[in-house]
Amino acid sequence: MAIIIVATHGGNSGTRATDDKPVLTEQDVNPPKLFQPLTIGNLVLRNRIVIAPMCQYSAVDGCMTDWHLIHLGHLALSGAALLTIEASAVVPEGRISWADVGLYDDATEAAIGRTLESIRRWSDMPIAIQLAHAGRKASTEVPWIGGGQIAPSDPHGWQTEAPSAIPFEKEQCTPTELGRDRMIAVREAFVASAKRAARLGIDAVQLHAAHGYLLHEFLSPLSNQRTDEYGGNLENRMRFPLEIFDAVRDAFPSERPVTVRVSGTDWVEGGWDIEQTVAFAEALEARGCSAIHVSSGGLHPAQAIPVGPGYQVPLARSVKQATSMPVIAVGLITDYDQAESIVGTGDADIIALARAILYDPRWPWHAAAHLGANVNAPPQYLRSQPMRFRHLFDE
Ligand SMILES: Cc1cc2nc3c(=O)[nH]c(=O)nc-3n(C[C@H](O)[C@H](O)[C@H](O)COP(=O)(O)O)c2cc1C
């Protein structure tokens, strides 16, 4: 029987039979991969678009405020598959700035709980949280007041800590080198936060091992110059991040994903690079890591980043080729066809959006319309469906 393929945009018009010749649309033959579901553990992702963690610098004493309800609430209506709560510090001194979110005591847990209770009343989007410690890059001003480091003696500042007593920039305060006792305390803080996240019903945990924060500082030879079993060769530098992964994996319900965000390279000669990232990814996968999110940079002021559309995708591709866990690509993914081609060609399984979805919180709707797929929309907004995309909200 002959099949006639017609190219259409916007709508899963399906087959249209004429006599004995069914007519298939392009999407019937090759539906967009970006809108195909994916399951990670017990977590069902409706599509391949996730919202990257984004600090809002709008917390009070580590507690989420109304801003977080507005911000996360509107992103929870976007049609993406997963909303990731911003870097949430496991100890107060692990916050990047004094206005960061924390998940380190009952008050910070209750504040997240209040935000999530409201969001969940109106959105069934799964929610992940990024657990973080900012290491030597902690104790800063909020970005719109300059983002500079604040000295421990200033009211909003505190003493930073890191694998080695090396500041990010020469003129900054020198961090305290973490001793073994303090490392155990940090590990237990990650565990305690993961338990709080589990109690809050959060669907997945992402460990922040990217962007020059504490776990990345252990990984990179530029920031880790320890002489004990946590410094030196790659195996030693990976030891503490892997210990934290194991401890968090044990503490968080086994059916819910624990994922890791890495910097695929420092973009600095002699630093952390993609070969080491692949080795780290393989070690994580062997320990039951559910997915890996590949970003880059942030560790060293000398970084030379070739910024451009999809500039980090090759890093994700390298990790994807070496592992079988789901890989998330991120970084200047702004265009719908670009996103489709990243997951369609298998460079990554999922794409993450940060700035593009702040700019256009309906990005997934527009992508679905453009690619001829369906997307989830809240019932209150169903009447906004444009006439020409008759089946857009038919998910
Ligand atoms: C406002 C803002 C806040 C961010 N906060 C975080 C964060 O909390 N944790 C993190 O890992 N990355 C953070 N990032 C980085 C993004 O998650 C993302 O990796 C980066 O912006 C590149 O993706 P994009 O080109 O889609 O924006 C932040 C980015 C922005 C724009």
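Counting starts at 1 for both ligands and their atoms, in listed order. Just so it is clear, the model here is predicted, and its values are computed rather than measured.
At a threshold of 4.0 Å, the pair Glu161-Arg182 counts as salt-bridged, since one of the basic side-chain nitrogens sits closer than that to a carboxylate oxygen. Under 4.0 Å is where a charged nitrogen must lie from a carboxylate oxygen, and between Arg199 and Glu109 at least one such pair does. Ion pairing of Arg226 with Asp228 is present here, as a side-chain N (NZ or NE/NH1/NH2) and a carboxylate O approach within less than 4.0 Å. A salt bridge links Asp124 with Arg46: the distance from a Lys NZ or Arg NE/NH1/NH2 to an Asp or Glu carboxylate oxygen falls below 4.0 Å. Looking at Glu117 and Arg121, a side-chain N of the basic residue comes within less than 4.0 Å of a carboxylate O on the acidic one, giving a salt bridge.
In this structure, a donor-acceptor pair under 3.5 Å is present between the side chains of Asp266 and Ser220.
Geometrically, ligand 1 and Cys55 share a nitrogen or oxygen pair separated by less than 3.5 Å. Taking distance alone, with nitrogen or oxygen atoms compared against 3.5 Å, Leu358 stays at or beyond that limit from ligand 1. Between Arg261 and ligand 1, at least one pair of N/O atoms sits closer than 3.5 Å. Checking only distances, Tyr311 never comes within under 3.5 Å of ligand 1, N or O to N or O.
Close approach of ligand 1 to Gly331 is summarised as follows: ligand atoms under 4.0 Å from at least one heavy atom of the residue are 22 (C), 23 (O), 25 (O). Remark: ligand 1 atoms within the under-4.0 Å shell around heavy atoms of Ala52 are 17 (O). The Leu332 neighbourhood of ligand 1 comprises atoms 24 (P), 25 (O), with distances under 4.0 Å to a heavy atom of that residue. Of all atoms in ligand 1, numbered sequentially from 1 with element shown, those under 4.0 Å from a heavy atom of Ala87 are 8 (O). Less than 4.0 angstrom separates some heavy atom of Val330 from each of these atoms of ligand 1: 19 (O), 23 (O).
Ranking protein heavy atoms by distance to atom 2 (C) of ligand 1, first place goes to Met54 CG, 3.8 Å. The nearest heavy-atom contact from the protein to atom 9 (N) of ligand 1 is Gln130 OE1, 2.7 Å. For atom 31 (C) of ligand 1, the closest non-hydrogen atom on the protein side is Arg355 CG, 3.5 Å. With hydrogens left out, the protein atom closest to atom 21 (O) of ligand 1 is Ala354 CB, 3.5 Å, a heavy atom. Among all non-hydrogen protein atoms, the one lying nearest atom 7 (C) of ligand 1 is Pro53 O, 3.4 Å.
Under the 4.0 angstrom criterion for non-hydrogen atoms, Ala210 is not in contact with ligand 1.
Nearest approach of His208 to Ala87, heavy atoms of both residues: CD2-CB, 4.1 Å. A pairwise comparison of heavy atoms in Ala339 and Ile351 identifies CB-CD1, 4.0 Å as the closest pair.
Aromatic ring pairs are classed by plane angle as parallel below 30°, tilted from 30° to 60° and perpendicular above 60°; the pair Trp272 and Phe280 is perpendicular.
Screening Leu207, Val327, Ile328 against His293 for a side chain to side chain contact (heavy atoms under 4.5 Å, CB included) leaves a single residue, Ile328.
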